[in-house]
There are 2 protein chains.
Amino acid sequence: MTDPLDTTSDRRPGGRTARIRAQVLDAVRAELAERGHEGLTVEGVATRAGVHRATVYRRWRDVGGLLVDVIAAAGEIDWQPPDTGSLRGDLTALNQEIQESLVLRPSFAVALMAASFHSEQAARAQTQLWTDRYTQCEILVERAIERGELPAQHTDARSLLIAATAPLYHQLVLLRSDPDPHLPERAAQAAVLAAAAGAFSVRREEGRERGDGQ
Amino acid sequence: MTDPLDTTSDRRPGGRTARIRAQVLDAVRAELAERGHEGLTVEGVATRAGVHRATVYRRWRDVGGLLVDVIAAAGEIDWQPPDTGSLRGDLTALNQEIQESLVLRPSFAVALMAASFHSEQAARAQTQLWTDRYTQCEILVERAIERGELPAQHTDARSLLIAATAPLYHQLVLLRSDPDPHLPERAAQAAVLAAAAGAFSVRREEGRERGDGQ
DNA sequence: ATATTAACGCGACAGTTGTCGCTCTAGGTC
DNA sequence: GACCTAGAGCGACAACTGTCGCGTTAATAT
């Protein structure tokens with residue numbers, strides 16, 4: 001099981017290998033910043049990194065692989081969901097973060113989405129990323145229940161979170177409308193109201209049969 | 001103003017031009033069905049249509065342009081929003097349509113999204129398509145208000161519609177989860193509950209300043 | 001019918017993308 | 001210090017992509 005594409009395996013983690021990786025990932029970030037995600041090309045990255053094309057193709061396979069590794073390297077480990085003291089506040093803060101990440105130039109999130117249509121690797125990384133984030137955010141809902149902000153019966157945290165955040169992506173990515181400073185709060189508020197009305201409550205037996213995701 | 005890319009201009013609409021267009025668009029649909037959106041290439045379309053590459057490049061510029069024209073040709077004129085007698089029913093039906101269009105193989109909707117990351121032309125066509133659809137759907141909300149299903153104060157129809165439909169795209173396109181037969185109804189119901197609680201009501205002066213949307 | 005010309009066919013072309021076999025370098029091991 | 005070998009460099013290569021100029025066809029105008 002010596003996967004030549006596993007960039008985290010440490011078969012020979014020493015100086016050069018790590019140095020090349022750093023150079024290449026730096027180059028990816030720089031190219032992304034300069035040319036945007038549609039101008040991101042293996043050739044460009046390799047040249048900027050001062051590395052031969054074949055090296056990049058061997059280790060990362062394609063542009064999607066590069067983005068995956070950039071995301072992986074970008075920490076992603078120490079992210080914590082907001083904690084403002086209220087569900088509405090938490091969701092609003094979360095949405096503001098999302099809006100920022102989508103509006104930011106360059107947007108890694110948008111680049112990853114674009115790549116995921118062409119690279120299976122990128123697609124998997126993306127669903128993994130989202131799944132993890134949503135799992136981490138379930139605590140927001142649990143805290144809200146403890147505070148009594150939501151009805152005591154079980155609430156499907158995932159559905160609630162998606163309802164709160166989906167409009168952001170819809171507006172900014174699909175509809176490409178200008179960012180609306182009120183949208184994060186409005187979307188959060190709508191989800192909270194729906195939840196309070198029991199929109200995401202789930203009956204004992206039938207609700208959770210596909211909860212493990214993908 | 002003789003735009004060589006305006007496929008609807010009728011400078012010489014006679015037999016051959018129209019025939020070539022039909023051949024090419026048929027080929028696009030066939031290629032899409034066989035190879036999916038990532039296998040859709042100008043070369044492949046031209047070959048299958050029995051037409052020279054240069055012809056396709058001249059008239060449609062790129063894959064995005066082809067998709068745009070397919071969409072344009074696919075009617076889109078006679079679509080009508082559902083009318084089931086209740087807001088919840090209407091939104092559920094709408095969501096079911098959306099889910100179907102996203103799950104269908106090949107999915108023109110997904111192909112268009114993918115193309116819109118690379119082709120400015122496709123991107124514009126996409127936002128135009130969505131904007132039109134949402135505008136058409138505003139009548140659902142108006143009818144609901146007349147029926148007394150929503151509070152009498154003005155409701156921002158667009159926001160409500162987006163809240164109802166966005167989770168579908170989020171789940172199926174971004175999260176790539178398996179289609180959930182209950183999701184269309186759940187998402188619709190959540191939006192209705194939020195609306196009933198006043199989540200999308202808008203104050204007189206501050207709500208509509210960006211309503212015309214690009 | 002005949003003239004006009006928009007639009008297609010054709011082939012050549014440069015630029016890009018991705019692969020492969022080989023050599024060489026330098027990280028790790030003894 | 002001397003070896004081993006994972007992994008980078010290198011250049012050749014085929015396949016693909018998009019553009020261009022020119023000749024031809026056929027839709028329209030007269």
Exercise for review: With axes from five pairs an end, tell me the bend angle of the helix from dA1(C)-dT30(D) to dC30(C)-dG1(D), nearest 10°.
Suggested key: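 For the helix from dA1(C)-dT30(D) to dC30(C)-dG1(D), the axes at opposite ends meet at about 30°.
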
Exercise for review: Report the distance from atom CZ of Arg59(B) to atom P of dT19(D), rounded to the nearest whole Å.
Suggested key: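 Atom-to-atom, Arg59(B) to dT19(D), this comes out as 17 Å.
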
Review point. Could you give the CD1-to-P distance, from Ile20(B) to dA6(C), as a whole number of Å?
Key: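 To the nearest whole Å, that distance equals 17 Å.
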
Practice item. Please confirm whether any donor atom in the side chain of Arg16(B) sits under 3.5 Å from an acceptor in the base of dA26(D), or the reverse. Key: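 Counting by modelled atom types and ignoring angles, no donor-acceptor contact under 3.5 Å is found here.
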
Review point. Can you list every side-chain hydrogen bond (donor to acceptor under 3.5 Å, both in side chains) pair that touches residues 98-116 of chain A, not counting sequence neighbours?
Key: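 Qualifying pairs, neighbours excluded: Ser116(A)-Gln126(A).
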
Point to revise | Partners meeting side chain to side chain contact (heavy atoms under 4.5 Å, CB included) with Ala114(A) (sequence neighbours left out) | key: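 Testing Ala114(A) for side chain to side chain contact (heavy atoms under 4.5 Å, CB included), a comparison that skips the adjacent residues, returns His37(A), Phe117(B).
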
Review point. Listed by chain and number, what are the side chain to side chain contact (heavy atoms under 4.5 Å, CB included) partners of Ala54(A), not counting sequence neighbours?
Key: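 Once residues adjacent in sequence are excluded, the partners of Ala54(A) under the side chain to side chain contact (heavy atoms under 4.5 Å, CB included) criterion are His52(A), Arg58(A).
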
Review point. Under 4.0 Å between a side-chain N/O of Thr55(A) and OP1 or OP2 of dG9(D), yes or no?
Key: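 For dG9(D), OP1/OP2 do have a side-chain N/O of Thr55(A) under 4.0 Å.
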
Review point. What string of B, S and - do you get for nucleotides 14-21 of chain C, 5' to 3', when a contact is any protein heavy atom under 4.0 Å?
Key: ---SBBBB

Check your understanding: Within the side chain of Thr84(B), is there an N or O that forms a donor-acceptor pair under 3.5 Å with the backbone of Asp90(B)?
Key ->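 Checked: pair present.
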
**Study point:** Sequence neighbours excluded, every pair satisfying salt bridge (Lys or Arg N to Asp or Glu O under 4.0 Å) that has a member inside residues 106-122 of chain B
**Key:**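 Of all non-adjacent pairs touching residues 106-122 of chain B, none passes salt bridge (Lys or Arg N to Asp or Glu O under 4.0 Å).
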
Exercise for review: List the steps and the verdict of side-chain hydrogen bond (donor to acceptor under 3.5 Å, both in side chains) for Thr92(A) and Glu185(A).
Suggested key: CA-CA 5 Å; Thr92(A) 301; Glu185(A) 184 172 17; 5.2 Å; no

Review point. How are the rings of Trp130(A) and His170(B) set to each other: parallel, tilted or perpendicular (split at 30° and 60°)?
Key: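 Plane angle between 30° and 60°, so tilted.
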
